Amino acid sequence: NPTINVVLTSAGKDAFAKITREHLKQQLVILFDGKILIAPVIQAEIAGGRAVISLSHGTTQDDAQKLADTLNALAYPGSSATQPVTAPAK
């Protein structure tokens with residue numbers, strides 16, 4: 001299954017660690033325009049500023065890249081620079 005690697009900013013990693021620590025085994029819903037983009041289950045506290053989102057069976061690499069591009073656009077509006085969120089080749 002494809003995955004998306006997420007790299008958080010130094011400002012965001014502490015908040016994300018707290019959220020993931022307090023909500024283990026729950027879904028983390030990411031919304032865009034009021035619609036759910038993705039809702040992965042938090043498997044462990046993410047304290048290092050890096051996370052991996054495992055996508056469901058049947059998700060294509062193209063779908064994963066589109067989701068990574070959307071997440072980047074949300075994190076860095078108007079940016080086309082180096083993208084810290086990637087959908088690595090399988």
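Bear in mind the structure is a predicted one, so any value in this text is a computation, not a measurement. The chain is numbered in sequence order, starting from 1.
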Donor-acceptor pairs under 3.5 Å, side chain of residues 44-56 to any protein atom, not counting sequence neighbours: which ones?
unit_1	atom_1	unit_2	atom_2	d
Glu45	OE2	Arg21	NH1	3.0
Ser56	OG	Thr59	OG1	3.3

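The CD atom of Gln65 sits 8.5 Å away from the CG atom of Asn72 when rounded to the nearest 0.5 Å. One distance of note links CG of Leu71 with NZ of Lys66; it measures 14.5 Å at 0.5 Å rounding.
With contacts defined as side-chain heavy-atom distances shorter than 4.5 Å, the pair Leu28/Phe16 qualifies. Between Leu37 and Leu67, some side-chain heavy-atom pair lies under the 4.5 Å cut-off.
When hydrophobic clusters are built by joining Ile, Leu, Val, Met, Phe, Trp and Tyr residues whose side-chain heavy atoms come closer than 4.5 Å, directly or via intermediates, Ile19 is grouped together with Leu74. Leu31 and Leu8 are members of different hydrophobic clusters when ILVMFWY side chains are connected at heavy-atom separations under 4.5 Å.
Each side chain to side chain donor-acceptor pair (under 3.5 Å) pair with one or both residues in residues 30-43, not counting sequence neighbours, appears once here: Lys25-Gln43.
Scanning for side-chain contact (heavy atoms from CB on, under 4.5 Å) contacts around Ala39 gives Gln27, Val29, Ile36, with sequence neighbours left out. Remark: Thr70 engages no residue in a side-chain hydrogen bond (donor to acceptor under 3.5 Å, both in side chains) (not counting sequence neighbours). For Asp14, there are no side-chain hydrogen bond (donor to acceptor under 3.5 Å, both in side chains) partners, not counting sequence neighbours.
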